[in-house]
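See structure below.
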Amino acid sequence: GSAGYILCAPALTAGLSFLAMRNYLAFHVLAEMFSIVVAAALFLLVWHSRRFAPNSPLLGLGVAFFFSGVIDLVHTLAYKGMGVFQLADPANVATQLWIAARWLESLSLLAFSWRRGAAVRPEYLLWGYAAATATLLWTILGAQIFPDCFVEGLGLTPFKIGSEYAICMILTGSLVVLTRNGQDLDPGVRRLLSAGILAAIVSELAFTFYVSVYG
């Protein structure tokens, strides 16, 4: 029951904290894979229920989180020390991928909050996000024109820090719009979305301070 969840949370937190001190890469993979699996599950849920609710605003959000999860997966594999990709500067590339996924995610949340009633064909959503994701990956891994986000020995670049604050502002705007105009959503869904956005804002602020990618 709920008591079990309450007891499990601190135990899980303590275990992950211990793992982070002993093997940061293992901790990072577990943390990232958790969010990636949740994003994939959300997408599968809304995509396979679209025939029952073809104009559900949650469909666009599910597609957005799936492709954010795709970028997060590449971020996890590209992380410094993983050795999956042959990268000259894995710390910078992984940080670029992280910030690209957060831009996609935050702008999608704002669009969801602002345009919930807009009907868009699911296929258009899917191909549109696929094209946007492929473009972001190309700018980072292919053309290498995405702005630098991390410099070894110095830490985060002004672009990365500025992006985090801008993303927080976008998320705050999403929360305000959702609070004012989200009466058509199920109250439980609205509360959970609001809590998720608040948690995202706090986590983004935390990502403006570190100097080492293992920090």
Side-chain angles (χ1 to χ4, degrees), residues 1-46 58 61-62 64-84 90-106 108-109 112 149-150 155-156 160-161 163-172 174-175 178-179 186-215:
S2 58
Y5 287 116
I6 293 173
L7 292 173
C8 183
L12 183 61
T13 302
L16 288 173
S17 298
F18 177 77
L19 179 62
M21 292 185 291
R22 297 296 298 271
N23 190 328
Y24 185 84
L25 276 179
F27 161 77
H28 183 258
V29 169
L30 285 176
E32 291 289 355
M33 289 307 299
F34 178 82
S35 67
I36 293 165
V37 168
V38 170
L42 174 61
F43 168 72
L44 290 172
L45 176 65
V46 298
L58 292 175
L61 204 57
F65 270 83
F66 172 76
F67 282 102
S68 294
V70 169
I71 300 177
D72 281 336
L73 178 59
V74 181
H75 156 81
T76 305
L77 297 176
Y79 208 78
K80 183 180 179 181
M82 291 294 289
V84 176
N92 182 46
V93 169
T95 309
Q96 289 173 315
L97 289 163
W98 167 266
I99 208 69
R102 302 291 75 76
W103 272 113
L104 186 65
E105 185 181 282
S106 62
S108 297
L109 277 166
F112 165 80
C149 292
F150 184 87
L156 303 175
K160 203 274 187 182
I161 296 174
S163 289
E164 294 285 16
Y165 287 125
I167 288 167
C168 286
M169 293 177 64
I170 294 170
L171 291 171
T172 302
S174 304
L175 184 60
L178 186 65
T179 302
D186 176 84
V189 172
R190 190 169 68 249
R191 283 195 297 271
L192 288 172
L193 277 171
S194 299
I197 292 172
L198 283 172
I201 292 171
V202 172
S203 70
E204 293 307 315
L205 289 174
F207 282 115
T208 62
F209 298 112
Y210 64 91
V211 176
S212 166
V213 292
Y214 289 171

For residues 10-20, which side-chain N or O atoms pair as donor and acceptor with protein atoms under 3.5 Å away, sequence neighbours left out?
{"unit_1": "T13", "atom_1": "OG1", "unit_2": "A9", "atom_2": "O", "d": "2.9"}
{"unit_1": "S17", "atom_1": "OG", "unit_2": "T13", "atom_2": "O", "d": "2.8"}

How long is the span from the CG atom in L178 to the CG atom in L109, to the nearest 0.5 Å?
9.0 Å

Heavy-atom side-chain proximity of L156 to C149 below 4.5 angstrom:
no

Note, L58 side chain near L45 side chain (heavy atom, < 4.5 Å):
no

Flag the pair F65 / D72 as yes when at least one side-chain heavy-atom distance between them is below 4.5 Å, and no otherwise.
no

Side-chain contact test, heavy atoms from C-beta onward, threshold under 4.5 Å: evaluate it for M21 versus F27 and give yes or no.
no

Residues which pass side-chain hydrogen bond (donor to acceptor under 3.5 Å, both in side chains) with E105, listed by chain and number, not counting sequence neighbours
R102

Could you point out which residue of I99, L97, I36 forms a side chain to side chain contact (heavy atoms under 4.5 Å, CB included) with I71?
L97

Can you give me the closest heavy-atom contact between G69 and A39, atom names plus distance?
CA-CB, 4.4 Å

Under the side-chain hydrogen bond (donor to acceptor under 3.5 Å, both in side chains) test, residues paired with S106 that sit two or more places apart
none

Residue pairs meeting side chain to side chain donor-acceptor pair (under 3.5 Å), one or both in residues 73-82, sequence neighbours left out, come to H28-H75, E32-H75, K80-E152

4.5 Å side-chain heavy-atom contact, I167 and W103
yes

Specify the closest pair of heavy atoms between N92 and F150, including all atoms of both residues, with the distance to one decimal.
OD1-N, 3.0 Å

Could you give the side-chain donor-acceptor pairs of residues 189-206 under 3.5 Å, partners two or more places apart or in another chain?
{"unit_1": "R190", "atom_1": "NH1", "unit_2": "G182", "atom_2": "O", "d": "3.0"}
{"unit_1": "R190", "atom_1": "NH1", "unit_2": "L185", "atom_2": "O", "d": "3.4"}
{"unit_1": "S194", "atom_1": "OG", "unit_2": "R190", "atom_2": "O", "d": "2.8"}
{"unit_1": "S203", "atom_1": "OG", "unit_2": "A199", "atom_2": "O", "d": "3.4"}
{"unit_1": "S203", "atom_1": "OG", "unit_2": "A200", "atom_2": "O", "d": "2.8"}

What verdict does the side chain to side chain contact (heavy atoms under 4.5 Å, CB included) test give for W98 and E164, after you've listed the backbone C-alpha separation in whole Å, the side-chain angles of each residue and the deciding distance to 0.1 Å?
CA-CA 10 Å; W98 167 266; E164 294 285 16; 3.5 Å; yes

With sequence neighbours left out, write down each residue that passes side-chain contact (heavy atoms from CB on, under 4.5 Å) with V84, or none if nothing qualifies.
L77, M82

Using every non-hydrogen atom in the two residues, find where L61 and S108 come nearest and quote the distance to one decimal.
CD1-O, 4.3 Å

